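Step one of this worksheet: look at the structure below.
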Amino acid sequence: MAAAYNELLDATIQHLENLKSRGVRHVAVTSEVLKALQSPIEKPRANAPVSNPRAPISAPLEKTVAPKIISTAIPSATSEPSAIGNRQSAITAPSVIRHSSSEKAAAIAALRERALACVKCPNLAASRKNVVFGVGNVDAQVMFVGEAPGADEDEKGEPFVGAAGQLLTKIIQATGLSRADVYIANILKCRPDTPGETSGNRKPTAAEMATCIPYLHEQIDLIQPRVIVALGATAVEGLLGKTVGITKLRGNWQEYRGTPLMPTYHPAYLLRNQAMSEKRRVWEDMLAVMGKLEMPISEKQQNYFLKA
Ligand code: URA
């Protein structure tokens with residue numbers, strides 16, 4: 001009995017360590033299990049010595065499917081790179097531990113400090129002017145996620161401040177929100193370097209994305225937006241691990257660990273393709289987001305970018 005108990009415990013610890021090495025920092029547990037984890041070790045049965053000092057679980061196993069699910073942290077996820085998007089499939093339960101705004105702000109500030117000092121991609125650390133961590137309201141209901149900083153963002157240390165960013169700001173404002181209401185971040189916190197080139201951008205490599213993505217996972221975990229908007233194919237790939245074309249995915253609700261995620265075109269695409277039909281598509285995605293957030297939608301808003 002004690003051997004089986006310890007085997008189960010070791011398997012559980014191994015499983016958690018595997019999740020952690022893949023970038024997962026939260027697992028769903030019931031309040032009963034959490035309470036049991038915090039209580040003193042119970043012997044598996046009378047007179048049997050507890051041979052494994054790490055053995056704190058005393059809750060009956062069937063209780064682990066109790067309806068009240070909360071999430072608890074597996075510490076220090078950003079110490080190791082994770083595979084892109086794989087935590088999505090590992091965990092489906094929503095996090096419902098709520099932090100106060102000041103706790104969130106402090107945690108985000110601490111995370112920002114870590115990101116600002118990051119040198120995990122030596123080439124990017126050497127070429128960047130600024131780490132572009134993210135900006136906005138820590139209590140935002142909606143979070144916009146882009147690909148990576150461009151030259152303007154690198155210069156200012158703020159995401160989406162160049163031409164594409166100005167268009168994103170207009171899109172946000174068209175919903176009735178402002179940049180200060182939402183949170184904006186990127187898959188990569190550093191501008192992808194372009195050695196030997198004086199201008200231009202490049203897509204982040206898979207390795208860069210896998211190295212950087214834990215910062216974004218933590219931002220999302222802390223902010224707990226009600227909706228995520230993934231801007232373009234790279235954002236979808238980074239968050240969901242999906243490489244299906246954005247044309248197919250956009251407009252169709254996806255899920256990031258229980259949070260509804262709307263894929264839409266990157267604003268840079270709208271700058272390249274000024275067709276009314278493409279603007280309308282992005283706007284319809286925003287209308288869906290507004291609907292999900294139960295925001296008021298005027299008739300005027302309903303009809304933006306429809307031909308007269
Ligand atoms: N494009 C992005 O994906 N992110 C930015 O911050 C700017 C442009």
Side-chain angles (χ1 to χ4, degrees), residues 84-85 108 111-112 115-116 118 121 124-125 127-137 140 142-173 177-194 197 199-206 208-213 215-220 223 225 228-243 245-247 249-250 254 256 261-274 278-279 281-282 285-286 289:
I84 297 166
I108 285 278
L111 179 61
R112 184 171 181 275
L116 259 49
C118 182
C121 303
L124 304 190
S127 63
R128 75 188 177 212
K129 289 185 182 154
N130 282 294
V131 171
V132 181
F133 175 70
V135 71
N137 185 348
V142 55
M143 185 157 171
F144 290 83
V145 176
E147 177 175 311
D152 294 316
E153 290 75 22
D154 182 44
E155 190 69 47
K156 297 223 168 86
E158 184 173 332
F160 282 101
V161 291
Q166 284 161 29
L167 180 52
L168 176 64
T169 304
K170 281 189 190 160
I171 294 169
I172 292 167
Q173 287 168 346
L177 297 170
S178 71
R179 272 176 79 100
D181 293 320
V182 305
Y183 198 89
I184 307 174
N186 282 308
I187 299 288
L188 231 62
K189 307 301 185 215
C190 292
R191 181 173 190 225
D193 59 345
T194 50
E197 312 275 330
S199 63
N201 296 315
R202 72 162 168 85
K203 185 182 182 275
T205 65
E208 288 164 349
M209 287 165 72
T211 302
C212 204
I213 201 80
Y215 292 118
L216 181 61
H217 289 323
E218 279 202 43
Q219 284 172 301
I220 298 172
I223 293 161
I228 297 169
V229 179
L231 301 163
T234 305
V236 172
E237 187 183 336
L239 285 169
L240 304 182
K242 286 191 183 179
T243 50
I246 188 70
T247 314
L249 273 187
R250 69 137 286 278
Q254 307 289 311
Y256 168 86
L261 181 150
M262 175 55 75
T264 194
Y265 291 138
H266 193 287
Y269 167 76
L270 290 184
L271 291 178
R272 292 193 302 272
N273 185 341
Q274 303 265 341
E278 300 307 86
K279 291 180 189 170
R281 287 198 171 102
V282 170
D285 299 343
M286 292 305 111
V289 167

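For ligands, and for the atoms within them, numbers begin at 1 and follow the listed sequence. Remember, predicted model here, so these are calculated numbers, not experimental data.
- A side-chain contact (heavy atoms from CB on, under 4.5 Å) with Pro263 holds for exactly one of Ile228, Leu231, Leu249, Thr247; it is Leu249.
- Those atoms of ligand 1 that come under 4.0 Å of a heavy atom in Glu147, given as number and element, are 2 (C), 3 (O).
- His266 counts as a contact of ligand 1, since one of its heavy atoms falls under 4.0 Å from the ligand.
- Checked by atom type and distance alone, the side chain of Glu153 never pairs as donor or acceptor with a backbone atom of Arg191 at under 3.5 Å.
- A salt bridge does not link Arg128 to Asp193: none of the charged side-chain nitrogens sits closer than 4.0 Å to a carboxylate oxygen.
- In this structure, CG on Leu216 lies 9.5 Å from CG on Leu111, to the nearest 0.5 angstrom.
- Backbone and side-chain nitrogen or oxygen atoms of Ala148 are examined, and one is located within less than 3.5 angstrom of a nitrogen or oxygen of ligand 1.
- Contacts between Glu153 and ligand 1 below 4.0 angstrom, taking non-hydrogen atoms only, involve the side chain exclusively.
- The protein atom (non-hydrogen) at minimum distance from atom 4 (N) of ligand 1 is Asn186 OD1, 2.8 Å.
- Note: Tyr256 and His217 have parallel aromatic rings, judged against thresholds of 30 and 60 degrees for the angle between ring planes.
- Of all the heavy atoms in Lys129 and Asp154, the pair that sits closest is N-OD1, 2.8 Å.
- For ligand 1, the atoms closer than 4.0 angstrom to any heavy atom of Gly146 are 3 (O).
- Of the polar atoms of Ala164, none of the N or O atoms is found under 3.5 Å from an N or O of ligand 1, judged by distance alone.
- Close contacts between ligand 1 and Pro159 involve ligand atoms 6 (O) [criterion: under 4.0 Å to a heavy atom].
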